[in-house]
Amino acid sequence: MRIHFTAADFTRIRFAPRPAPLQELNAALTMMCHPGEALLFGRWRRRLLRSLPDTAQPFGDLAPGARAPAFLDVFSEDLAEGLDTVRATPPDLVRSEIERVYAHHPASAPRWLRGLHAGDAGAWRLLRRAQHAAFETVLAPVWHQVQDLHQAEFTRHALLAAEHGTGAALDGLLPGARLRGGVWDLGAAAGAPGAAGARDIELRGRGLVLLPTFHWTGPPLVADPPGGPLFLTYPAGPGLPPAPGTADGTEEALAGVLGRTRLEVLLLLAEEHTTSGLARRLGVSNATASAHAAALRGAGLITTVRAGRAVAHRRTPLGSLLVRRPAAGGGPAARGLPS
């Protein structure tokens, strides 16, 4: 795969600031049905296949082969908004995509899917329930971990771009990817470099959105919606499926390195606090709170600015990366979950 940039496209490269619930779900379900990586993903697959409710079955009907309908590729940061976007797909696109995925399939489409092809409201409700049920089973238990992993990848990309430029950031996104003369060659990441039949994508000023996924280890997934930017979903993270409860283990390990009180300071400073405010929250003296803040500031984990006669502290991106926590404002809507 080769992606061709114009000068305007380089100014329109964007890294998705937060994970996209439905696209992460698509990647997870694709990985669940993929035969590879049995050692690392086998147990996870078996658990999901046992736990997926019957209401999620329509997903299997929608993707009888290797490719699902393109109208399922939705990149909204909010689950409810993403489900609404799927429902708002133009009828012509719904029909053409269902016909495409069943074109070479020996079995006929099930009755509910024929209803979706015809625009039946009941079929749309069935699909929405299936997507919501699959999300609640597959992703809701690990959504905090997905957010933390996304923020870590966002920070890694931002630091690489800031220190070495956009070209280095693109080269470092995937093993073997190379940007040369306005052409980003993903050959080594998506197959053999320069292989016959390689796909060439011309951006022509549309721009590019980069979205990491933490449930897929295969080649990058491309969505090319008409009239919008190209979306590239690429595998990132540790190469293992996120597991519930991993954040608590991370906090215990950090407490052993930083000390429990300094870890509590770092967690509190997702929001701005004065020294006296920290002291009150921690139940320590102002001098002790100031000493902990000075140590964290010296390590580059927090910043301190004067606010009148007081000083205010806040966590830096490096500090957030270390604790793998998003900044303030992480309620249900901000997490892309139903409130």
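We're numbering straight along the sequence, starting at 1. Predicted model, so just to flag it, every value in this text is computed and none were measured.
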Residue pair [X] / [Y]: nearest heavy atoms and the distance that separates them:
{"X": "L278", "Y": "A289", "result": "CB-CB, 4.3 Å"}
{"X": "L318", "Y": "A299", "result": "CD2-O, 4.1 Å"}
{"X": "P235", "Y": "L174", "result": "CD-CD2, 3.9 Å"}
{"X": "N286", "Y": "A279", "result": "OD1-CB, 3.2 Å"}

*Pair R12 + D9, salt bridge at N-O below 4.0 Å*: no
*With a 6.0 Å cut-off on ring centres, are H34 and W216 close enough?*
yes
*State yes or no: are the ring centers of H132 and F135 separated by less than 6.0 Å?*
no
Any donor-acceptor N or O pair under 3.5 Å, side chains [X], [Y]:
{"X": "Y234", "Y": "E153", "value": "yes"}
{"X": "R315", "Y": "S320", "value": "yes"}
{"X": "R262", "Y": "H292", "value": "yes"}

Is there a path of hydrophobic side-chain contacts, each under 4.5 Å between heavy atoms, that joins [X] and [Y]?
{"X": "F231", "Y": "M1", "answer": "no"}
{"X": "L160", "Y": "W184", "answer": "no"}
{"X": "V138", "Y": "L40", "answer": "yes"}

Between [X] (side chain) and [Y] (backbone), is there a donor-acceptor pair under 3.5 Å?
{"X": "T316", "Y": "L301", "result": "yes"}
{"X": "H150", "Y": "A16", "result": "yes"}
{"X": "R204", "Y": "T6", "result": "no"}
{"X": "R206", "Y": "E202", "result": "yes"}

*Do L179 and F10 come within less than 4.5 Å of each other through their side chains, counting heavy atoms only?*
yes
